[in-house]
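Single-structure report; data block below.
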Amino acid sequence: MGQKMTWEEMKRAFPDEWLLITDYESDEYGNVTQGNVERHSKDDQEVFRPPALKKSSAFVYTGESTFPGGWRAHAEHHEI
């Protein structure tokens, strides 16, 4: 993928999908504001699969959260 996108661009390009994002920036609340989408899929296991990227990564869902409080991120600052 490689091109840096804003969070709004990611949501439009990959609606209701899990994203593996690298080279990302986040706001003061830990929400991803922009980054590079390395993988995307409606199947979370497809996004979480190896091979390892050897870089700091975030897993984020672009759809509406089903968790109390709107939780969307599966992992942050996690090197896989």
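A quick note: this is a predicted structure, and the numbers were derived from the prediction, not measured.
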Is any side-chain heavy atom of Leu19 less than 4.5 Å from a side-chain heavy atom of Tyr61? no
Considering all heavy atoms of both residues, which atom of Arg39 and which atom of Phe48 are nearest to each other, and what is their separation? NH1-C, 4.3 Å
Stepwise side chain to side chain contact (heavy atoms under 4.5 Å, CB included) check, Tyr24 with Val60: CA-CA 11 Å; Tyr24 64 93; Val60 183; over 6 Å; no
If you look at every heavy atom in Thr6 and Gln34, which pair is closest and at what distance? CA-CB, 3.9 Å
Measuring from Ser41:OG to Phe14:CZ, what's the distance to the nearest 0.5 Å? 11.0 Å
Return the minimal non-hydrogen interatomic distance between Val37 and His40, and the atom names on each side. CG1-CB, 4.2 Å
Can you name the side chain to side chain contact (heavy atoms under 4.5 Å, CB included) partners of Glu28, sequence neighbours left out? none
Run the salt bridge (Lys or Arg N to Asp or Glu O under 4.0 Å) test against Glu9 and tell me which residues pass, sequence neighbours left out. none
Might you point out which heavy atoms bring Phe59 and Leu20 nearest each other, and give the distance in Å? CE2-CD1, 3.5 Å
Give me the atom names and distance for the closest heavy-atom approach of Ala58 to Val32. CB-CG2, 4.2 Å
Mark yes or no for whether Ser26, through its side chain, and Asn31, through its backbone, hold a donor-acceptor pair below 3.5 Å. no
As an exercise, state the distance from OG1 of Thr33 to CD of Glu8, rounded to the nearest 0.5 Å. 11.0 Å
Partners passing salt bridge (Lys or Arg N to Asp or Glu O under 4.0 Å) against Asp23 (at least two apart in sequence or in another chain): Lys4
Derivation of the side chain to side chain contact (heavy atoms under 4.5 Å, CB included) call for Ile21 and Met10: CA-CA 10 Å; Ile21 304 169; Met10 291 178 207; 3.6 Å; yes
